[in-house]
Each structure stands twice: as structure tokens, then as C-alpha cells.
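These notes are about the structure you will find just below.
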Amino acid sequence: SCCSSNLRFAAAFVAAIAYCAPALADPCRPARLDVARDAVANERLELELSDGRVIRLAGVESPLVRRADQAAMQSAADDLALWTSTPISVAILKDQPDRWGRLEGRAFIAEKGYAPDLLPSLSEAIIDAGLARVDPLTETRPCLDRLYLAEQRARSAGRGLWTDPAFAVLDASRPEEFKEKAGAVTVVEGRVVSVRAGRGVTFVNLGVGGPQSPALTLGREALRSMQ
């Protein structure tokens with residue numbers, strides 16, 4: 001388990017946030033927060049509250065989605081449990097549960113002595129520690145941008161799951177690396193070899209080109225944001 005190193009990093013992460021007071025209202029921190037004193041982290045890195053609610057952390061992809069190593073996932077859950085052993089402040093983003101009965105929300109470490117607008121983000125902490133990756137489909141910007149920065153720090157430092165070959169950054173010039181990756185959220189690195197514009201869609205081809213190489217598919221809105 002990388003529990004002790006994760007906790008050392010978490011302490012530094014929490015301290016850094018505590019001394020960075022925001023100049024403006026934080027759009028990623030709703031004004032209404034519920035305190036959950038008995039939250040339990042399960043192996044999917046969800047929060048199970050004492051009132052029966054299950055919170056799926058927005059923007060967090062559990063490694064269990066991509067890997068069947070139960071021992072490793074339990075280790076990650078144990079690490080997360082050390083953070084949730086103190087009261088957790090929870091913001092519910094969607095009142096309607098998903099098909100598994102989970103509510104989507106954000107959580108903050110309710111450490112004693114922190115002002116409400118300085119509570120550390122649990123999602124950022126666990127991604128920064130390498131316990132999870134970013135799920136781009138369940139969070140919004142600018143909140144998503146923060147999680148990407150946390151993931152970049154964890155990847156650069158080789159923390160947690162970023163030491164596992166199953167989560168390695170794929171090389172766009174090696175099509176064989178993409179076997180069995182269909183439908184998965186995957187980090188890809190590659191050189192742009194060509195750009196082709198279609199009706200409402202622009203294709204940015206990576207790697208060596210050809211049908212086996214990856215390509216970014218950009219709609220009009222995405223293309224405007226990149227310009």
C-alpha cells in the first residue's frame with residue numbers, strides 16, 4: 001500500500017489549500033454544504049453516508065472501472081477512509097439518483113479550524129495522491145480544470161495508479177497499444193500529423209495517421225474554445 005506516502009502528500013496538499021484564500025466566490029464550492037460525520041469510503045471510492053445515501057464524487061473515475069485487482073482497489077479505499085475518518089462536508093449536485101441509486105456530489109474535508117470557503121476538496125486530494133483519474137463526463141469547468149491539474153501532478157510524480165502499466169499514457173504512434181481500449185477514458189500523447197475539416201466536425205489525426213491511429217474529433221463549440 002502507498003498509504004503512508006499518500007497521507008504525507010495529503011497533509012501538504014491540505015496545508016497549501018488552507019493558505020490560498022480565494023479572491024472571489026468559488027464556483028466549485030456551493031454555498032450549502034451538509035456535514036456527514038460517518039461517511040464510509042467503499043472500494044469504488046464512493047462515499048456511503050449514515051443516512052443511506054451514496055455519493056459518487058463528480059469528476060472522479062475509480063480505478064475499479066478499469067481494473068479487476070480487488071486487493072489494489074481495497075488499498076485505495078483504505079487510504080481514502082483515512083481522509084473520511086473526520087467529518088466530510090458534502091454538496092449534492094443532482095437530486096435525482098442515477099440507475100445505481102447514487103447521488104452526484106462534491107465533498108470537502110471538514111477539518112476543524114478551516115473556514116467553510118477553505119475546506120480542501122476531497123476529489124482533488126485523492127486524484128493528486130494518485131488514487132483515481134479524472135472523469136471528464138461528470139464535472140464542469142472550471143472545476144474540471146482543477147482536477148486535470150491534480151492528475152497532471154500525480155502523473156508527473158508517479159504516484160499511485162500512475163505506476164501501474166494498466167494506466168500508462170499511450171503513444172499515438174503505436175496503434176497496437178490501443179487494443180481493448182474502445183470505450184475507455186485513456187490518456188494519449190502524440191504528434192499531430194494532419195487536420196481535416198468536415199461538416200461541423202474537425203478531425204485532428206495523431207501518431208502515424210491511418211485508420212488505426214487515434215484522432216481527436218472536435219465539434220464546432222470545442223473548436224471555438226481551442227482557438
Side-chain angles (χ1 to χ4, degrees), residues 13 17 26-30 41-47 54-67 73 76 80 90-94 96-100 102-108 120-172 177-178 180-192 195 200-207 213-227:
F13 177 88
I17 290 182
D26 187 345
C28 302
R29 195 179 306 272
N42 63 28
E43 72 277 7
R44 294 177 297 276
L45 305 186
E46 301 160 348
L47 299 181
V54 178
I55 308 300
R56 188 227 192 276
L57 294 175
V60 173
E61 182 198 63
S62 165
L64 188 62
V65 176
R66 304 294 171 222
R67 186 175 171 186
M73 294 308 96
L80 179 56
V90 177
I92 305 300
L93 302 181
K94 295 180 180 178
Q96 293 298 319
D98 63 15
R99 58 180 172 172
W100 295 284
R102 305 174 302 180
L103 296 171
E104 192 169 293
R106 301 188 187 113
F108 304 89
S121 163
L122 184 60
S123 294
E124 287 183 67
I126 63 179
I127 290 174
D128 216 322
L131 298 183
R133 296 193 306 188
V134 175
D135 181 353
L137 302 180
T138 59
E139 189 52 284
T140 59
R141 299 186 187 276
C143 311
L144 189 59
D145 291 336
R146 296 182 182 180
L147 299 184
Y148 276 133
L149 288 174
E151 183 181 89
Q152 183 179 14
R153 290 192 296 268
R155 190 167 65 246
S156 297
R159 285 190 287 267
L161 60 82
W162 297 108
T163 63
D164 187 334
F167 297 93
V169 178
L170 300 185
D171 185 345
E177 292 191 1
F178 290 85
E180 301 180 356
K181 293 294 184 178
V185 176
T186 304
V187 182
V188 180
E189 182 177 62
R191 182 182 298 276
V192 175
V195 177
V201 179
T202 298
F203 299 94
V204 181
N205 300 306
L206 304 176
S213 295
L216 304 179
T217 304
L218 304 176
R220 290 175 180 173
E221 184 178 348
L223 188 60
R224 282 196 298 270
S225 69
M226 295 185 69
Q227 289 174 345

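- Residues passing the salt bridge (charged side-chain N to carboxylate O under 4.0 Å, His left out) test with Asp171, sequence neighbours excluded: none.
- Taken to the nearest 0.5 Å, the OG1 atom of Thr217 stands 12.0 Å off from the CG atom of Leu223.
- Between the Arg106 side chain and the Cys28 main chain, a donor and an acceptor come within less than 3.5 Å of each other.
- Not counting sequence neighbours, the partners of Glu151 by the salt bridge (charged side-chain N to carboxylate O under 4.0 Å, His left out) test are Arg155.
- The shortest heavy-atom contact between Ser121 and Phe108 is CA-CD2, 3.7 Å.
- With sequence neighbours excluded, the residues satisfying salt bridge (charged side-chain N to carboxylate O under 4.0 Å, His left out) with Arg102 are Glu46, Asp98.
- Pairing each heavy atom of Leu57 with each of Ala107, the nearest pair is CD2-CB, 3.7 Å.
- The CG atom of Leu93 lies 6.0 Å from the CD atom of Glu104; values are rounded to the nearest 0.5 Å.
- Remark: Leu122 CG to Ile127 CD1 distance equals 9.5 Å, nearest 0.5 Å.
- Looking at residues two or more places apart in sequence or on another chain, you find no salt bridge (charged side-chain N to carboxylate O under 4.0 Å, His left out) involving Glu189.
- With sequence neighbours excluded, the residues that form a side-chain contact (heavy atoms from CB on, under 4.5 Å) with Ser156 are Gln152.
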(message) Working note: Asp135 + Arg56, criterion side-chain contact (heavy atoms from CB on, under 4.5 Å); need CA distance, chi angles, decisive distance, verdict.
(response) CA-CA 11 Å; Asp135 181 353; Arg56 188 227 192 276; 2.8 Å; yes
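- Here the shortest heavy-atom pairing between Ser213 and Ala172 reads OG-O, 4.3 Å.
- The side-chain contact (heavy atoms from CB on, under 4.5 Å) search around Thr163 returns none, not counting sequence neighbours.
- Ala154 pairs by the side-chain contact (heavy atoms from CB on, under 4.5 Å) definition with Arg159, Trp162, not counting sequence neighbours.
- For Pro97, the side-chain contact (heavy atoms from CB on, under 4.5 Å) partners are Leu103, not counting sequence neighbours.
- Closest non-hydrogen pair, Val195 versus Val192, comes out as CG2-CG1, 4.0 Å.
- Interatomic distance, CG of Asn42 versus OG of Ser62, reported as 8.0 Å (0.5 Å rounding).
- A distance of 14.5 Å separates CD of Glu61 from CD of Glu139, quoted to the nearest 0.5 Å.
- Remark: Thr138 OG1 to Leu147 CG distance equals 8.5 Å, nearest 0.5 Å.
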